[in-house]
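Only a predicted model underlies this, so the values are computations on that prediction, with no experimental measurement involved. The residues of the chain are indexed from 1 along the displayed sequence.
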Amino acid sequence: QVQLVESGGGLVQAGGSLRLSCAASGRTFSSYAMGWFRQAPGKEREFVAAISWSGISTYYADSVKGRFTISRDNAKNTVYLQMNSLKPEDTAVYYCAGDIRGILAVTGTPKNWGQGTQVTVSS
């Protein structure tokens, strides 16, 4: 199975930007639909964005549409989440996820998870 490691989190001021990266192991990365989730303290984990294996299809949560962009580079076995116009309510641990079943599976119950990276947005 694919192993996922997130990086790129940190502390930024409201209105700033961050780019998260998720590095995947294995030769089959290009066959996996990928996604990002986040979990704030005391809150349920929520879906953020997903991308198909080809990069042609993307889904976004309403809360991040127009601000976040998911992309992937299969040659580098990496998926990215570009986060612009960050708000304090974006503060959470962000998790990378993947599922060979496709993008719909990623938006629901993905099978593979990374360890998470902390994003904190100050006012």
Peer 1: Report the distance from atom OG1 of Thr58 to atom CZ of Phe68, rounding to the nearest 0.5 Å.
Peer 2: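 Atom-to-atom, Thr58:OG1 and Phe68:CZ are 14.5 Å apart.
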Peer 1: Pairs in or reaching into residues 9-46: which pass disulfide bond (SG atoms under 2.5 Å apart), with residues at least two apart or in two chains?
Peer 2: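 Sorted result for residues 9-46: Cys22-Cys96.
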Peer 1: Any side-chain to backbone donor/acceptor pair from Asn84 onto Ser17? Under 3.5 Å, distance only.
Peer 2: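 Such a contact is absent between Asn84 side chain and Ser17 backbone.
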Peer 1: Tell me which pairs pass disulfide bond (SG atoms under 2.5 Å apart) where either residue lies in residues 36-93, with sequence neighbours left out.
Peer 2: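 Listed once each, the pairs would be none.
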Peer 1: Is a side-chain donor or acceptor of Thr117 paired with a backbone partner of Ser7 at a separation under 3.5 angstrom?
Peer 2: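 Checked: no pair found.
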Peer 1: Could you name each residue pair satisfying salt bridge (charged side-chain N to carboxylate O under 4.0 Å, His left out) that touches residues 71-84, not counting sequence neighbours?
Peer 2: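 Checked against salt bridge (charged side-chain N to carboxylate O under 4.0 Å, His left out) - neighbours excluded - no pair reaches residues 71-84.
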Peer 1: Taking atom types as modelled, find out whether Tyr94 and Arg38 have a side-chain donor-acceptor pair closer than 3.5 angstrom.
Peer 2: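 The criterion, which ignores hydrogens and geometry beyond distance, is satisfied for Arg38 and Tyr94.
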Peer 1: Can you tell me how far the CD atom of Gln115 sits from the OH atom of Tyr95, to the nearest 0.5 Å?
Peer 2: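 Nearest 0.5 Å value for the CD-OH distance: 9.0 Å.
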Peer 1: Counting only N and O atoms by type, is there a donor-acceptor contact under 3.5 Å from the side chain of Thr91 to the main-chain atoms of Thr120?
Peer 2: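 Judged by distance alone, no pair lies under 3.5 Å.
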Peer 1: Could you grab the distance from atom CE of Met34 to atom CG of Asn112, nearest 0.5 Å is fine?
Peer 2: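 Between Met34 CE and Asn112 CG, I get 8.0 Å after rounding to 0.5 Å.
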Peer 1: Verify side chain to side chain contact (heavy atoms under 4.5 Å, CB included) between Tyr80 and Ile70, making sure each step is shown before the conclusion.
Peer 2: CA-CA 6 Å; Tyr80 304 96; Ile70 188 171; over 6 Å; no
Peer 1: Salt-bridged, Asp62 to Lys65, with N to O below 4.0 Å?
Peer 2: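 Salt bridge: yes.
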Peer 1: Indicate the atoms forming the closest heavy-atom contact of Val106 with Ala50, along with that distance.
Peer 2: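 Nearest heavy atoms, Val106 then Ala50: CG1-CB, 3.8 Å.
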Peer 1: Quick one, Leu20 with Met83, criterion side chain to side chain contact (heavy atoms under 4.5 Å, CB included). Give me CA distance, side-chain angles, the key distance, then yes/no.
Peer 2: CA-CA 8 Å; Leu20 306 183; Met83 305 185 294; 3.7 Å; yes
Peer 1: Taking side chain as C-beta onward, heavy atoms only, is Glu89 less than 4.5 Å from Val121?
Peer 2: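 The answer is no, as the side chains (C-beta and beyond) never meet within the 4.5 Å cut-off.
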Peer 1: Roughly how far, to the nearest 0.5 Å, is the CD atom of Glu46 from the OG atom of Ser63?
Peer 2: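 Output value for this atom pair is 5.0 Å.
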Peer 1: Applying side chain to side chain contact (heavy atoms under 4.5 Å, CB included), run through Tyr59 and Leu104 and close with a yes or a no.
Peer 2: CA-CA 9 Å; Tyr59 292 165; Leu104 292 179; 3.6 Å; yes
Peer 1: Can you find a heavy atom in the side chain of Thr109 that is under 4.5 Å from one in the side chain of Arg101?
Peer 2: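 Yes, at least one pair of side-chain atoms sits under 4.5 Å.
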Peer 1: How far apart are the closest heavy atoms of Ser71 and Ile51, and which atoms are they?
Peer 2: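 Between these two residues, the closest heavy atoms are CA-CD1, 3.7 Å.
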Peer 1: Would you find more than 12 non-hydrogen atoms of other residues, nucleotides or ligands less than 6.0 Å from Gln13 atom CD?
Peer 2: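 No, not enclosed.
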Peer 1: Please round to the nearest 0.5 Å and tell me the distance separating atom CG of Asp99 and atom OG of Ser31.
Peer 2: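 It is 12.0 Å, given to the nearest 0.5 Å.
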Peer 1: Could you tell me which non-hydrogen atom of Leu18 sits nearest to which non-hydrogen atom of Gly8, and how far apart they are?
Peer 2: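 Result for this residue pair: CD2-O, 3.8 Å.
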Peer 1: What closest approach, in Å, do Ser85 and Asp90 show between heavy atoms, and which atom pair accounts for it?
Peer 2: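 Between these two residues, the closest heavy atoms are O-OD2, 4.4 Å.
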Peer 1: Is there a path of hydrophobic side-chain contacts, each under 4.5 Å between heavy atoms, that joins Val93 and Phe47?
Peer 2: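 Val93 clusters together with Phe47.
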Peer 1: Specify the closest pair of heavy atoms between Leu4 and Gly98, including all atoms of both residues, with the distance to one decimal.
Peer 2: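 Distance-wise, the nearest heavy atoms are CD1-N, 3.8 Å.
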Peer 1: I'd like to know if Val79 and Tyr60 are part of one continuous hydrophobic network [Ile/Leu/Val/Met/Phe/Trp/Tyr, side-chain heavy atoms within less than 4.5 Å].
Peer 2: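 In one cluster with Tyr60: Val79, yes.
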Peer 1: Please give me the minimum heavy-atom distance between Ala92 and Ala40, naming the atom from each residue.
Peer 2: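 The pair with the smallest heavy-atom distance is CB-N, 3.8 Å.
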Peer 1: Taking atom CG of Asn77 and atom OH of Tyr32, what is their separation to the nearest 0.5 Å?
Peer 2: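 So the CG of Asn77 and the OH of Tyr32 are separated by 11.5 Å.
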Peer 1: Does the ring centre of Trp53 sit less than 6.0 Å away from the ring centre of Phe29?
Peer 2: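 Phe29 vs Trp53: aromatic centres not under 6.0 Å.
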Peer 1: Heavy-atom distance under 4.5 Å between the side chains of Trp113 and Phe37, does that happen here?
Peer 2: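 Yes, side chains in contact.
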Peer 1: Show your working on side chain to side chain contact (heavy atoms under 4.5 Å, CB included) between Leu81 and Val48 and close with a plain yes or no.
Peer 2: CA-CA 10 Å; Leu81 185 68; Val48 175; 4.2 Å; yes
